[in-house]
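Shown next, in structure tokens, is the structure this report addresses.
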Amino acid sequence: MHAAHELDDDPDGSGQRRFDELIATDSRIEPSDWMPAAYRKTLVRQISQHANSEIIGMQPEGNWITRAPSLKRKAILMAKVQDEAGHGLYLYSAAQTLGTDRDTMFENLITGKAKYSSIFNYTTPTWADMGSIGWLVDGAAICNQVPLCRASYGPYGRAMVRICKEESFHQRQGFEILLELMRGTPAQQQMAQESVNRWYAPALMMFGPPDADSPNSQQSMAWKIKRFSNDELRQRFVDMLVPQAEILGVTLPDPDLKWNEERGHYDFGELDWAEFTEVLAGRGPANAIRVSRRRTAHENGEWVRAAARAYADKQSADGQS
Amino acid sequence: MHAAHELDDDPDGSGQRRFDELIATDSRIEPSDWMPAAYRKTLVRQISQHANSEIIGMQPEGNWITRAPSLKRKAILMAKVQDEAGHGLYLYSAAQTLGTDRDTMFENLITGKAKYSSIFNYTTPTWADMGSIGWLVDGAAICNQVPLCRASYGPYGRAMVRICKEESFHQRQGFEILLELMRGTPAQQQMAQESVNRWYAPALMMFGPPDADSPNSQQSMAWKIKRFSNDELRQRFVDMLVPQAEILGVTLPDPDLKWNEERGHYDFGELDWAEFTEVLAGRGPANAIRVSRRRTAHENGEWVRAAARAYADKQSADGQS
Amino acid sequence: DDAVARYALGLGDDALVLAQRLGEWVTNAPELEEDVALANIGLDLLGHARSLLTYAGSAWGQSEDDLAYFRDEAQFTNRQLFEQPNGDFAQTIARQLIASAYFIGLYRELSASADPLLAGIAAKALKEVDYHLDHSEQWLLRLGHGTAESHRRMQRGLDAMWVFVDELFTDDAIPGDEDAAPLAGIAVAPSSLRAGFDALVPRLITQAGLTVPTAPSARGGGRQGSHTEYLGPILAEMQVLARAHPGASW
Amino acid sequence: DDAVARYALGLGDDALVLAQRLGEWVTNAPELEEDVALANIGLDLLGHARSLLTYAGSAWGQSEDDLAYFRDEAQFTNRQLFEQPNGDFAQTIARQLIASAYFIGLYRELSASADPLLAGIAAKALKEVDYHLDHSEQWLLRLGHGTAESHRRMQRGLDAMWVFVDELFTDDAIPGDEDAAPLAGIAVAPSSLRAGFDALVPRLITQAGLTVPTAPSARGGGRQGSHTEYLGPILAEMQVLARAHPGASW
């Protein structure tokens with residue numbers, strides 16, 4: 001167990017010196033390396049939250065698997081939701097290298113103790129939401145995550161490399177869904193625009209509060225877990241979206257959005273952080289159903305897992321006898 | 001328990017004499033009266049089969065409650081299926097007066113030991129089947145059941161009076177469903193005709209095999225449980241259907257069907273008794289799902305019934321203390 | 001009157017969606033008596049829905065079936081409680097307990113509405129929902145005090161459904177009537193029903209040996225067409241046949 | 001060729017309907033690994049369905065989506081096993097065990113078909129269904145030998161699904177090809193696969209400590225459009241969006 005590394009495990013300070021050096025030279029910290037307890041704790045929180053987000057994030061899209069309007073889209077959507085489950089498992093593995101076991105993390109999720117990305121507390125009333133989630137939500141996730149591929153903690157950075165590859169695939173698929181709708185019937189175009197109207201601002205808020213209100217960010221940047229500030233990433237995302245929206249022919253729902261020649265970036269309007277706080281506090285459109293749905297699945301499956309455990313026990317008893 | 005009446009409970013033959021007299025005078029046998037063991041057994045079999053038929057018969061119609069095409073039809077259908085559950089309960093009560101308890105009868109149903117009417121082993125792929133079941137299946141049931149209102153066993157006869165009233169209401173509703181379809185679009189008319197094509201012959205077979213092949217009927221008629229032979233009832237039913245089919249504008253699927261001036265009845269073609277036997281033997285279109293569906297409901301509800309029992313026990317314990 | 005019609009529509013959608021959910025139980029209940037009871041409650045609610053939708057539709061030249069079968073998810077204005085899945089029997093009872101207690105307060109007040117049609121519908125419905133509450137209450141007691149498993153499930157059911165309680169009593173839920181003046185005397189302000197609910201339901205829960213849940217509320221917005229992901233599939237099934245034959249009569 | 005197309009359609013419908021059922025599990029599985037595994041199997045089957053329906057449709061100028069979304073229940077020619085409800089996890093495993101063992105035999109033979117397209121589809125599918133059988137087999141063992149409850153449920157699942165086995169091997173199931181001659185060398189006669197199935201599946205069931213069921217078979221007739229009452233609601237959900245936007249492309 002890695003817990004042995006913590007607290008009084010670095011009496012002569014050599015662990016800290018080596019850690020600082022690895023960070024300074026942009027090298028990777030590995031599970032067997034000494035690391036500060038706070039660094040470990042920050043990583044566990046971040047990685048498990050990310051895993052939980054993948055798992056809960058299956059639901060808004062899973063909602064449309066049985067109703068996808070073409071077999072091709074059904075296949076893409078099933079594959080995507082399956083990827084998300086895979087990401088969840090992969091990230092749990094990365095977190096386990098830090099000494100926190102998966103059952104605990106999952107238990108924290110289904111008892112409501114652990115967090116997941118607030119964006120998944122929005123609902124998906126229309127098919128176009130499959131496009132918006134891909135284009136906007138996965139798009140924002142990628143902006144967040146690409147820098148994480150260089151995160152100082154090795155297993156996390158490597159997990160992110162794989163995940164980012166799949167996410168950018170997902171983003172393109174989302175863009176294609178919207179493109180197909182915008183090239184379709186008036187009803188389809190309206191469906192696409194209405195969906196983008198709902199998802200645009202929540203996607204921008206995925207980068208977290210403005211830098212001035214984001215107390216944890218500084219330390220994470222010093223540790224090279226995080227590489228860019230919330231506001232930097234948000235700006236990068238908006239700059240990326242505008243030309244894509246033009247290709248799609250959708251209007252981004254922000255009257256203040258315009259090119260700032262001087263800054264070389266798009267200016268954009270104030271976000272409704274009160275809304276963000278509401279959703280974070282559990283009063284989003286779908287908070288009430290997300291965790292309880294996974295918990296119900298887990299509880300209904302208890303007899304299955306019990307059988308698997310009993311069988312494994314019998315097998316290993318047989319092996320020993 | 002009524003079992004005390006059986007076998008050696010009529011040493012001087014007075015019970016049998018009184019029973020014979022009641023039957024001869026068309027009077028009613030009541031639960032407290034002496035009755036021959038075979039009479040009791042025949043009744044229990046018939047009444048519990050009838051109850052089981054009502055319970056299993058809920059399924060082919062229950063299939064369309066969530067998809068009924070108008071709110072009025074949805075309401076009528078829900079009420080009908082609910083009536084069938086009520087009939088099942090009511091008939092179980094009548095059978096209980098003969099000393100067989102409900103749990104045993106229900107257990108026999110869900111373990112596949114007890115029979116129910118074969119007609120409910122047909123499926124209801126279209127909405128028009130809600131019409132055909134009402135018009136043809138309930139119609140046949142009424143022909144069978146109206147005479148049972150005068151059945152010699154009191155509780156059974158009285159149960160049938162109530163049930164027949166509701167059944168004739170159901171039959172009219174089925175007729176109305178078909179009438180509405182036949183007055184509707186070509187697609188609706190086709191739906192109605194196709195459904196009648198499927199249900200007509202099975203409905204005629206509901207009266208049981210031809211009299212020559214129906215060994216149990218004679219004794220039942222002597223006991224005045226049954227009042228008309230299978231073939232008599234079938235003829236009555238066909239005679240009733242033909243003018244109704246004309247009003248509907250549907251074709252009854254029997255090329256041999258025609259008025260026989262001499263007999264004063266409609267002649268009709270041979271029925272496919274091999275098909276009847278197949279379904280009876282468990283190889284109908286829906287045998288495989290009917291019993292297992294009710295059994296699943298029962299098993300899934302075990303914890304609910306256990307809670308109700310535990311609560312009742314606690315209540316009565318409290319009452320005593 | 002358009003505002004009255006929209007008010008009736010909201011109430012009608014509540015009843016319709018819950019009736020549809022209860023219809024799913026038929027042939028699947030834990031015992032035959034419950035097949036009957038749940039169908040009965042569903043039928044009553046369907047009756048309320050039909051009266052309310054017919055009344056709403058009369059303002060727009062639309063029939064109850066136009067409204068029930070040819071609106072899409074975003075046009076349905078039921079509150080979210082009513083679209084929640086049946087879950088196990090305990091969750092159904094939890095949902096019905098909350099719904100029936102809410103309906104009792106609503107229809108009691110509404111039976112004094114200045115709109116005689118709404119008043120009439122409410123007066124008739126009131127007798128029925130009173131019986132519905134009784135049914136839920138009996139099961140709440142049985143499951144709460146029954147076995148360890150039934151207690152656990154009943155509490156879980158309450159926890160899952162309780163988050164939809166606040167929405168029932170939110171005043172912004174009268175669409176198009178934001179300042180509440182135009183429908184004064186006609187509609188019932190949802191918030192005015194809260195005290196009655198709070199005086200009744202927590203006591204029943206406590207009497208059943210269970211705990212009144214405290215989780216944060218769902219956001220709601222059903223009256224504005226915002227729904228949880230459970231409504232879409234309900235409508236897909238409910239509307240499939242009617243939509244396959246547009247213009248047909250049944 | 002119309003007969004080949006109808007043959008491909010039947011196989012395609014089998015895969016499509018089963019894929020749709022497996023899709024219902026996603027986000028509801030007993031553990032995340034099973035969300036992944038069941039989605040994986042569903043995806044493979046969906047892939048087979050798409051190839052087969054595309055091939056079938058090419059004979060009639062119809063796309064895979066025309067066939068999947070715009071046919072009614074009576075036009076679906078899947079065998080009844082595939083439309084059966086997921087039930088509990090054990091029932092899903094029972095259904096998948098039977099399906100996968102059947103598919104293995106089918107695709108092994110079909111990969112030698114004189115029709116190069118069918119042969120190609122089958123050869124690709126064969127590798128995948130082999131993994132599917134392995135998955136079911138592992139769970140069959142775990143549930144059969146696991147706990148008393150899992151054993152009971154697994155047996156119940158087998159009992160419920162076994163009645164649909166005979167239909168899989170019924171030769172009259174090649175529509176429009178009653179004398180079997182025109183498709184000789186192209187299609188696989190279902191009855192020819194029975195021996196392989198019987199040599200495999202009963203042994204697996206027995207190894208798991210379970211009993212091979214003996215209840216009478218369901219009548220079948222899926223290839224002729226006869227279905228149990230479970231197919232209608234599947235199609236209502238699957239087709240709802242596509243049908244709401246006729247002629248749209250996605």
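Proteins come first, then strands; the chains are lettered A, B, ... in the order of their sequence lines, and each starts at number 1.
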Please check if the side chain of [X] supplies one atom and the backbone of [Y] the other of a donor-acceptor pair under 3.5 Å.
{"X": "A:Arg67", "Y": "D:Val240", "result": "no"}
{"X": "A:Arg73", "Y": "D:Trp250", "result": "yes"}
{"X": "A:Asn300", "Y": "D:Pro30", "result": "no"}

(request) Can you tell which part of D:Tyr69 gets under 4.5 Å to a heavy atom of chain A, answering side chain, backbone, both or neither? (result) side chain
Engaged part of [X] at the chain D interface, taking heavy atoms whose separation is under 4.5 Å:
{"X": "A:Ile55", "result": "side chain"}
{"X": "A:Val81", "result": "side chain"}
{"X": "A:Met130", "result": "neither"}

(request) Anything under 30° is parallel, anything over 60° is perpendicular, the rest tilted; go ahead and classify A:Tyr311 against D:His145. (result) parallel
Identify the two heavy atoms, one from [X] and one from [Y], that lie closest to each other, and give their separation to 0.1 Å.
{"X": "A:Met78", "Y": "D:Ala19", "answer": "CE-O, 4.4 Å"}
{"X": "D:Ala248", "Y": "A:Thr185", "answer": "CB-CG2, 4.4 Å"}
{"X": "A:Ala308", "Y": "D:Arg142", "answer": "CB-CD, 3.8 Å"}
{"X": "A:Ala310", "Y": "D:Gly146", "answer": "CB-O, 3.6 Å"}
{"X": "D:Asp65", "Y": "A:Leu71", "answer": "OD1-N, 2.9 Å"}
{"X": "A:Ala187", "Y": "D:His245", "answer": "CB-CE1, 3.9 Å"}

(message) Check this for me: does any side-chain nitrogen of one of D:Glu33 and A:Arg102 sit under 4.0 Å from a carboxylate oxygen of the other?
(response) yes
(message) Using a strict threshold of under 4.0 Å (side-chain N to carboxylate O), is an ion pair present between D:Asp35 and A:Arg294?
(response) yes
Rounded to the nearest 0.5 Å, what separates atom [atom1] in [X] from atom [atom2] in [Y]?
{"X": "A:Gln188", "Y": "D:Ser249", "atom1": "CD", "atom2": "OG", "answer": "6.5 Å"}
{"X": "A:Ser70", "Y": "D:Leu241", "atom1": "OG", "atom2": "CG", "answer": "9.5 Å"}
{"X": "D:Thr27", "Y": "A:Ile65", "atom1": "OG1", "atom2": "CD1", "answer": "7.5 Å"}

(message) If you count heavy-atom pairs within less than 4.5 Å of chain A, which of D:Leu22, D:Leu43, D:Val26 leads?
(response) D:Leu43
(message) For a 4.5 angstrom cut-off between non-hydrogen side-chain atoms, does A:His298 reach D:Asn28?
(response) no
(request) Find out whether A:Trp303 and D:Leu143 are in side-chain contact, i.e. whether some heavy atom of one side chain is under 4.5 Å from a heavy atom of the other. (result) yes
(request) Tell me yes or no: between the side chains of A:Thr66 and D:Glu24, is some donor less than 3.5 Å from an acceptor? (result) no
